[in-house]
Structures are given as C-alpha cells and as structure tokens.
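A note on names: the letters A, B, ... follow the listed sequences, proteins ahead of strands, and every chain is numbered from 1.
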Amino acid sequence: MLEIKSVGVGKLVGWRDPDEERIWRRLNKSREERVKVTDLGEAIEKFVKSGIYVVFGGMGHIRAPIAAVHEIIRRKRCGFIFGAKVGTFDLDLLLAAKCVRDLEVTYAFGHEIRGLSSLARRMYGRGEINILAEWSSASYEWRLKAGAMGIPFIPTRVLLGSDTFKRSSGLIVEDPFSRKPIVLLPSLNPDLAIIHVHKADVYGNAIIEGPVFSDIELAMASRRVIITAEEVVDKKIKGGCGDNFIPHFLVDAVSEVPYGAHPTNMPYRYYFDEEHISLWLELSKTDEGVFKYLEKYIYGVRSHKEYIDLVGGLKKMRILERIENEGLSGGGKT
Amino acid sequence: MKFSDLELIIIQTARLLEDGKTVFPGTGIPLLAALLAKKLYYPKIVLVFGTGAFDSRPIKTPISAIESRTLPSALIVYTMDKLYSLAQLGYLDYAIVGGAQVDVFGNVNSTVIGDYKNPKIRLTGSGAANDIISLAWNTIIMIKQDEKRFVEKVDFITSPGYLDGGNSRYISGLPTNTGPKFIVTQYAVYTFTEKEKKLTIYGIYEHINKKEFLDELKIDIEIPKEIKTLKKPSENELKALRKLNKEKKYKI
C-alpha cells in the first residue's frame, strides 16, 4: 500500500538482503580478538578482487588511503566497483592506472578550487568511465548508515525533485505517516572498506582524530575492512563512548603506514602536499604525463616508504606537519 | 579601487547573510563569502563546514570545503550522519553554493552540460550541494552571469530550486519554506516572487547601467517596481577579502 511515485534509473549496486548479510556476518566475522597486523600489499592481494564494491574512508583530499591505492595499482587488483564518496586524487590514480571504470558518484572528477580533473574528462570522453548512479553526500552517507543498521533502506528528504534522484537507484514513495513524498535510499553494504586512521592497535582497534566523516558506518556496513594507520601500537586501544572508534571485530587487516594519506591532508598530522598535487594535475593533462607519473611514483617504487623518500622524504613531511600546525594552532583538538 | 567580477560577487553575498545564523558554504568562492561575512559584518554567524566542523573560527583560509583549516575552535566536529541530520531537522539557515549553471527558478546544475548520456562536459556531481540546497531555510547562489550559465532551464537539476515555480518545490516533498533566496551575479542580485516563485530583481549595482542591463536581459524575468541600488565594493571590503585570499589560492 506504499505507493511508489518514482523510480531512479541508476543501477542498484552494493545492496544485500538483510538476512543474507546477517548470515554472512555470523559465519565470516570472528568476534575474537586476534593479532591482525598484515603487510599492506598482502592485505590488498587477499581482499581486493574484480567485481567487488570498494569504498575508501576519509573524504576526497582528506585522509584518503593513498598508500593502499598504490598497492592496488602495483598489484593490479582491479576491475572493482568504486564508490566515489568524494573521489579526487585517489580516484584520479585509479582511473589513470585503468584500474576502475564502474563508479557511483557523489563528487568526482574535480579537485575543488584546483580545477576539474583533465584526466577524468579525457577518459569520460573516450567512454572509459561508466557511472552507475548519482548521489549526494548525505544520501550516500545514509545508504551506508542503513547498511550499518542491517536494514534494507532508509528514508530521507534530500534528492527530492532533482535529476540527481532520477539517476540514483532510489525510490520516491508517499510516506504513510506524513502523506508527503519521501525518498527511500537503498542500503549499501560494500564488500571492502579501506580506511586510513591515526592510530590502531595490533588487533585492529582504530582511532580517528578530528573529522570522522562516514568511517564508523562504513566500517560497520562493509564485509571486509582494511585499516592503514600512521601508527600501530601493541597496547590495546579502547573506544570509550566516542564516535571515532572502529572496533577490532569489524577489521580484517591492519598495517602501519606512516604518511599513508600523502599527498592528501591528515588532520592534526600533515597538510596537503600542494606541490605534489599540482605536479599530478600538470602531468595528468596528457596521457604521456600520466604514464610518467605512474612509472615514477607507483610502479617505480616497492613500498610507501620509498614513495615518501621520492616526494621529499622526512624533510618534506616536516614542512607539511608545520603547515598543518599553523592552520590549526590557536584552536586545539576537539 | 578596482575589483573583479568574482570579488564583487563574494562581497555582495557576504552582505546578504544574517547574524547569529548557521551558514554552510559549499566549495569554492562560497567559502570566502562566509568567512568574509563573519569577519566584517556578522561575527555571530555560526559556520558549518562539510568536514563536520560546527561553529569553528578558521585561522588560515581553507582552500577546500573539507580540510583541517575548517577545524580551529570548532564546538564539535560532527560525523556526516549528525551533520546532515541537523540540516534535515531544520538547523541550517543558509546554504551558499556556486554552480556551473542556474536557471530562472534557482535550480542548480553541477553534474553535466548537455545531455546526461552524452554530455558536452561532465562536471563533478552534487557533493553536498543537493543536500544543503534541499534542506537549508535559505540558499544563496553565486554565479558569474552569462548566457551559458544563467539559463531558462538547466540541463540537469543537480540541486533543486523552485523546480517549475509556484508550489512545485513543496509538492515534490521538499521541506516547506525552504529554497533559493538570492542569486548573486556581477550585474545584479536576483530574488523570487513570493507566490509564483518567479525570478525577479532585488538590486542592481550602482556602477551598472540599469536601463541597458534591463534591456539586454534575455531571461524571462519579472521587473519589480522597486529595485535597490547596490553599492560597489568599498576599500575596506576589498582589503578584507584580499587578506583572506593572501595566499592567492582562489583565482578571483
């Protein structure tokens, strides 16, 4: 009796029947505490597969798991569906390496005031990008929330009246309580989340400082979770009553990767490396430039440490740390 | 003092805000407008950023809508769920956005220019724009006016204004009494008639030839009896804006 007033024509991806999801979680996710420290490359090889749905933590140029992106590209673990919750530098690299083509888009192909991604425009023009559905920040977040809640959909008032809705995979129904139209967002249970955090322990308990974005829901909603951390410690971390904690039983692998978000911003640690982002934007204007960049910064190095050395090493990182502090000082942490 | 079109648009937008209200700026020049408004005119503005930072006082100008420079002195840094829940619950007073295209009903396009399946240009998509334009009590749209950008009907409604006019926004289910309040361009500030939601003019800048401007206006518009004269940017306003952009990250 719930009248469906409108159907979005976007492709429905990442949705699982709630009972199917519950059974999977019972069988495949141990509640026991175990040491989960893994080499990042091995974790990528184990969990990233063609055809799965992958979402990154952070948001665009903040706290993006770039070290993981490099491993994905180096090890050619490609052909997955990517949820571009905000896809900027991370998405550019995946596209450049021809690692992904199927996307859900909230915000993609742009680097904010730095300009649009010329790489994405070229590839889109050549038919090398396939957009499955359009979303907005809140609607994508709430799809993850529904996935984290173990329910098949969640209602919202965003997207109403828009073409963004038309290209989403949502529904509009008449809400039986208010009698007004409302959007039903299909839940999202990604196959894999990769989240870069400030600190984790060897069991996979993880803490995020500053903006959490959607990472807690993302960790819950996803079947598998890889955590990369600036620092991995032996002593067990607990979550208290905080909104910024990912518990170990959601996590499948944890790797220590200092500066793992470079060149994106790691709140309270290091600022964007604008020089490096500009270099990418310049080189990515041509296919030859893209090749040069990938060869030098991804294929040409074997570890994240080697990459950091290439982009200026600890000396550069100290500068980015100083810039970050200058932008924050006077306020302190919340 | 000389000023650019974008500087004019930013300064005029800042003037139009209200003290003590929550203001959520989208990426780009809206950020500068919000910061300028708080700095010069409305110190009690409560800034809300896409990072989740609520009531922060940035020290250095953020170059992104979501970066650590939005954080200093924040009352709290919300998760995305809580941030947008607050907006949905009625706590967001002003959304300030840019856009690639806007139409006569204040609908905004940041997804595609041309046909969706085969666009001339593929843009970034909504990001937070659809959310804040749907949920905020008032939206201010900042855009450089020309024939390609300010159109009768956008190619794609990324974020809803008054849709087809009249009650159509509210019939769609969007919250009552919400919608675009102003469109700020380098020639004029536009607003909407109360019932019909038809595009009309709030004010024209003092340095624009009013008659010439109205004669050349190609879009369907209702000319009101009273049109305010908007001041050019003052030296004070320009200095304050240029100080905010002293790292010259914004090309304005």
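Of the residues considered (B/Ile63, B/Thr79, B/Thr27), B/Ile63 shows the highest number of contacts with chain A, using heavy-atom pairs under 4.5 Å. The candidate with the highest count of non-hydrogen atom pairs below 4.5 Å against chain B, out of A/Ile172, A/Thr156, A/Ile182, A/Asp175, is A/Thr156. Annotation: maximal heavy-atom pairing with chain B below 4.5 Å, among A/Lys145, A/Lys180, A/Met266, occurs at A/Lys145. Top candidate by heavy-atom pairs under 4.5 Å with chain B, chosen from A/Ala120, A/Ser178, A/Ala108, is A/Ala108. Top candidate by heavy-atom pairs under 4.5 Å with chain A, chosen from B/Val154, B/Leu174, B/Ile171, is B/Leu174. Ranked by non-hydrogen atom pairs under 4.5 Å with chain B, the options A/Thr106, A/Asn244, A/Val212 are led by A/Thr106. Per-residue heavy-atom pair counts under 4.5 Å with chain B were compared for A/Gly161, A/Gly87, A/Gly110, and the maximum is reached by A/Gly161. Most heavy-atom pairs under 4.5 Å with chain A: of the set B/Leu31, B/Ile66, B/Thr70, B/Ile157, this distinction falls to B/Ile157. Top candidate by heavy-atom pairs under 4.5 Å with chain A, chosen from B/Ser68, B/Pro160, B/Ala53, B/Pro58, is B/Ser68. If you tally non-hydrogen atom pairs under 4.5 Å between each of A/Phe165, A/Trp135, A/Tyr124 and chain B, the highest count goes to A/Tyr124.
Remark: A/Arg167 is not positioned above the aromatic ring of B/Phe156, lacking an NZ or CZ atom under 6.0 angstrom from the ring centre and at most 45 degrees off the axis.
Around the CD atom of A/Glu275, the shell of radius 6.0 Å holds no more than 12 heavy atoms that belong to other residues, nucleotides or ligands. Atom NZ of B/Lys60 has more than 12 neighbouring heavy atoms from other residues, nucleotides or ligands inside a 6.0 Å radius. Residue B/Tyr116 qualifies as enclosed at atom OH: its count of foreign heavy atoms under 6.0 Å is above 12. Heavy atoms from other residues, nucleotides or ligands lying under 6.0 Å from NZ of A/Lys5 number more than 12. The local environment of CD in B/Glu152 is crowded, with over 12 non-hydrogen atoms from other residues, nucleotides or ligands closer than 6.0 Å. With a 6.0 Å radius and a threshold of 12 heavy atoms from other residues, nucleotides or ligands, A/Met123 has its CE atom above the threshold. Around NZ of A/Lys11, the count of heavy atoms belonging to other residues, nucleotides or ligands within 6.0 Å does not exceed 12. The number of heavy atoms from other shown groups lying within 6.0 Å of CZ (A/Arg126) is above 12.
Close approach to chain A, defined as a heavy atom under 4.5 Å from one of its heavy atoms, is seen in B/Thr111 of residues 104-115 of chain B, taken by number. Using a 4.5 Å heavy-atom cut-off against chain A, the contacting residues of residues 243-252 of chain B are B/Lys249, B/Tyr250. Along residues 117-135 of chain B, the residues that come nearer than 4.5 angstrom to chain A, judged on non-hydrogen atoms, are B/Lys117, B/Pro119, B/Ile121, B/Arg122, B/Leu123, B/Thr124, B/Gly125, B/Ser126, B/Gly127, B/Ala128, B/Asn130, B/Asp131, B/Ser134, B/Leu135 in order of number.
Residues A/Pro211 and B/Val77 come closest through the heavy atom pair CA-CG1, 3.7 Å. Contact detail for B/Tyr84 and A/Ser137: the closest heavy-atom pair is OH-CB, 3.7 Å. Considering all non-hydrogen atoms of both residues, A/Arg157 and B/Pro175 come closest at NH2-CA, 3.5 Å.
Within the model, atoms OG of B/Ser159 and CG of A/Asp163 stand 10.5 Å from one another, a figure rounded to the nearest 0.5 Å. Between atom CZ of residue B/Arg69 and atom CD of residue A/Glu324 there is a gap of 8.5 Å, rounded to the nearest 0.5 Å. Rounded to the nearest 0.5 angstrom, B/Thr158 OG1 and A/Glu134 CD are separated by 8.0 Å. Atom-to-atom distance recorded for B/Ser64:OG and A/His61:NE2 is 8.0 Å, nearest 0.5 angstrom. To the nearest 0.5 angstrom, B/Tyr170 atom OH is 13.5 Å from A/Leu160 atom CG.
Counting heavy atoms from C-beta outward, B/Gln88 and A/Trp142 have side chains that approach closer than 4.5 Å. Put simply, the side chain of A/Phe213 reaches to within 4.5 Å of the side chain of B/Thr51, judged on heavy atoms. When side chains are defined from C-beta on, A/Glu326 does not count as touching B/Ile59, because their heavy atoms never get closer than 4.5 Å. Counting only heavy atoms from C-beta outward, the side chains of B/Met80 and A/Tyr140 never approach each other to under 4.5 Å.
Between the side chain of A/Glu112 and the main chain of B/Ala65, a donor-acceptor pair closer than 3.5 Å is present.
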Please determine whether side-chain contact (heavy atoms from CB on, under 4.5 Å) holds for the pair B/Glu67 and A/Tyr271, giving the CA-CA distance in whole Å, both sets of side-chain angles, and the decisive distance to 0.1 Å.
CA-CA 9 Å; B/Glu67 57 131 306; A/Tyr271 200 56; 2.8 Å; yes
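Take B/Ser85 and apply the side chain to side chain donor-acceptor pair (under 3.5 Å) test, not counting sequence neighbours, and it matches B/Asp81.
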